[in-house]
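Since the structure comes first, as structure tokens, the remarks are kept for the end.
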Amino acid sequence: MLRPFRGTLALVVRHFSAEAVVDKAVVTHGGVTGSGGNGRDTLGKRLLSLVFSKRSAVISIRKWKEEGHTVRKYELNRIVKELRKHKRYKHALEICEWMTLQQDIKLLPGDYAIHLDLIAKVRNLASAEKFFEDLPDRMRGPATCTALLHTYVQNKMSAEAEALMEKMSECDFLKNPHAYNHMLSLYISNGQLEKVQGLIQKLKMNTSPDVFTYNLLLSVCASQNNVESAEKTFIELKKAKIEPDWVTYSALTNLYMKNELLTKAASTLNEMEKRASRKNRLAYSSLLTLRTNMGDKDGVRRIWENMKSCFRKLNDAEYMSMISSLVKLEDLEEAEKVYTEWESVSGTRDSKLSNVLLAAYINRNQMEMAEKFSQRMLQKGITPSYTTWELLTWGNLKEKRIEKVIDCFKKALGCVKKWNADRKLVRDILKMLEEQGNIGTAEQFLAILRGAGHVSTEVYNSLLRTYANAGKMPLIVAERMEKDNVQLDEETHELIKMTSKMCISEVPTHYS
């Protein structure tokens, strides 16, 4: 009997997850239930239309039944899968919980595996462990154990994951590579690469690697910048008669490009492009990035046209990939056209896309264009983010327009609850104020930093240097530092002594 134990690989991990594993354990039938275009009312349409999390999936199911409709398990499984794909975990969990209460619905271990994974996502790890502990013995099998293992991996809990793997081995549950792949991703993300080979040896004793295993191993080769090892891994994959996927070729392409093996990179990139399809949608954005890094403008345009012909509607991430690619390729005119297209079709009004173009204007020292563009954002209903205002702060700093610098900086801070201080930005603003001897604005900036919880000895010393450059003597600096709980250092004392011989300034109105 198996009991629970308490106690960067972005690309590869996205393609190897609990969803992919546990979905295989659930037998489903029929087409995808969703918001199809035939206009027919379905349970899937009703449940997928519950956009707001406070609305209840259970109420929708009950109403469907009260109207005389039949609720079938395979249909609910399909809906749960679709909800999880769109990260609508709360409603997916409500459906799973409703199914457990229905005596006429027979649940399989794979159903409980999905249920456990959703509990971990919506609630917490402890709740998922409790759910696993309360399962009937016959349901604590490979599927649910792998789902629990995935939860430990997501929380980077090596000790708990290793203990669970040991128990799974004792129970002879390691007959496929899924659990090993989870452990591989954990070791790689934790930097425990010394454990990888031992784990692979155990995997090969019990089962056979799959394409996810080899992709994870290729990510190890990439982290070590080891081309020879990567090529050996790829040869082993081919000998095992496993079909490489687009992630395989993406990893090899990145590694070849890093080592300036451009002929090999071009070959693997072409193979990757052959494997891009509607089913492998994420491949397209990766292709745009790789073609861009190769400087292949025609390739970028070709992939973009393929995407537009393949998908009815492109998402924000795809538009952002294309705009970023065109900016990097210095085709700003085309980037502006794609951005205008996004403006006309997107309902999200996400400033992340706007910030790509805004940064391009600022990096090209086109501040007039940048300011016009920021006004256009507002007119189009796009709310500026912290990054928007930070970019404008940097742009105005380059132009030495200090009043606009302070204004944009204040607006940036107003976009966040807690500010993770950009020390370089603060230092550069302070340096400009020192050079100008602008004590009024320096005091204003100090007050803003105080409100953001970022006053320090360095900031006060810069303020004193600003007074010195202005030929003025600041008042009650030591007292102000004490009130702000800031230590005086040797430079502070020297600056106070030096400025004490200068003309007296007024007590700053910004200080409180």
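Just so it is clear, the values below take in all heavy atoms, side chains as well, and ignore hydrogens, waters and symmetry mates.
Ring planes of His115 and Phe131: tilted class, angle from 30 to 60°. Ring orientation note: the planes of His182 and His150 are tilted relative to one another, at an angle of 30° to 60°.
Counted by atom type alone, Ser127 and Asn124 present one or more donor-acceptor pairs between their side chains at under 3.5 Å. Side chains of Ser229 and Gln224: no donor on one and acceptor on the other come within 3.5 Å. Between the side chains of Thr289 and Thr292, no donor N or O sits under 3.5 Å from an acceptor N or O. Residues Asp245 and Asn215 have side chains that bring a donor and an acceptor to within less than 3.5 angstrom of each other. Judged by distance alone, the side chains of Asn254 and Asn293 never bring a donor and an acceptor atom under 3.5 Å apart. Residues Asp117 and Thr151 bring no donor and acceptor atom of their side chains to less than 3.5 Å of each other. Under the 3.5 Å distance criterion, with hydrogens and angles disregarded, a donor-acceptor pair is assigned to the side chains of Tyr319 and Glu341. Looking only at atom types and distance, the side chain of Glu129 has a donor-acceptor partner in the side chain of Tyr152 under 3.5 Å away. Defined by atom type and a distance below 3.5 Å, a donor-acceptor pair is present between the side-chain atoms of Asn355 and Thr388. Donor-acceptor pairing under 3.5 Å is lacking for the side chains of Tyr460 and Glu491.
Side-chain rings of Trp394 and Phe409 stay apart, their centers remaining 6.0 Å or farther from each other. Between Phe373 and Tyr339, the distance from one ring center to the other falls under 6.0 angstrom. Checked against the 6.0 Å centroid threshold, Tyr284 and Trp246 do not count as a close aromatic pair.
With rounding to the nearest 0.5 angstrom, the CH2 atom of Trp342 is 5.0 Å from the OG1 atom of Thr348. The distance from the CD atom of Glu434 to the CG atom of Leu464 is 10.0 Å, given to the nearest 0.5 Å. Considering CE of Met320 and OG of Ser325, their distance stands at 11.0 Å, rounded to 0.5 Å.
Remark: Asn485 CG is loosely packed, at most 12 non-hydrogen atoms of other residues, nucleotides or ligands lying under 6.0 Å away. Around the CG atom of Leu193, the shell of radius 6.0 Å holds more than 12 heavy atoms that belong to other residues, nucleotides or ligands.
Looking at Leu463, Leu433, Val459 one by one, the single match for side-chain contact (heavy atoms from CB on, under 4.5 Å) with Phe445 turns out to be Leu433.
Both tests pass for Lys121 against the ring of Tyr89: distance under 6.0 Å to the centre and angle within 45° of the axis.
Using a 4.5 Å cut-off on side-chain heavy atoms (C-beta onward), Lys352 and Asp316 make no contact.
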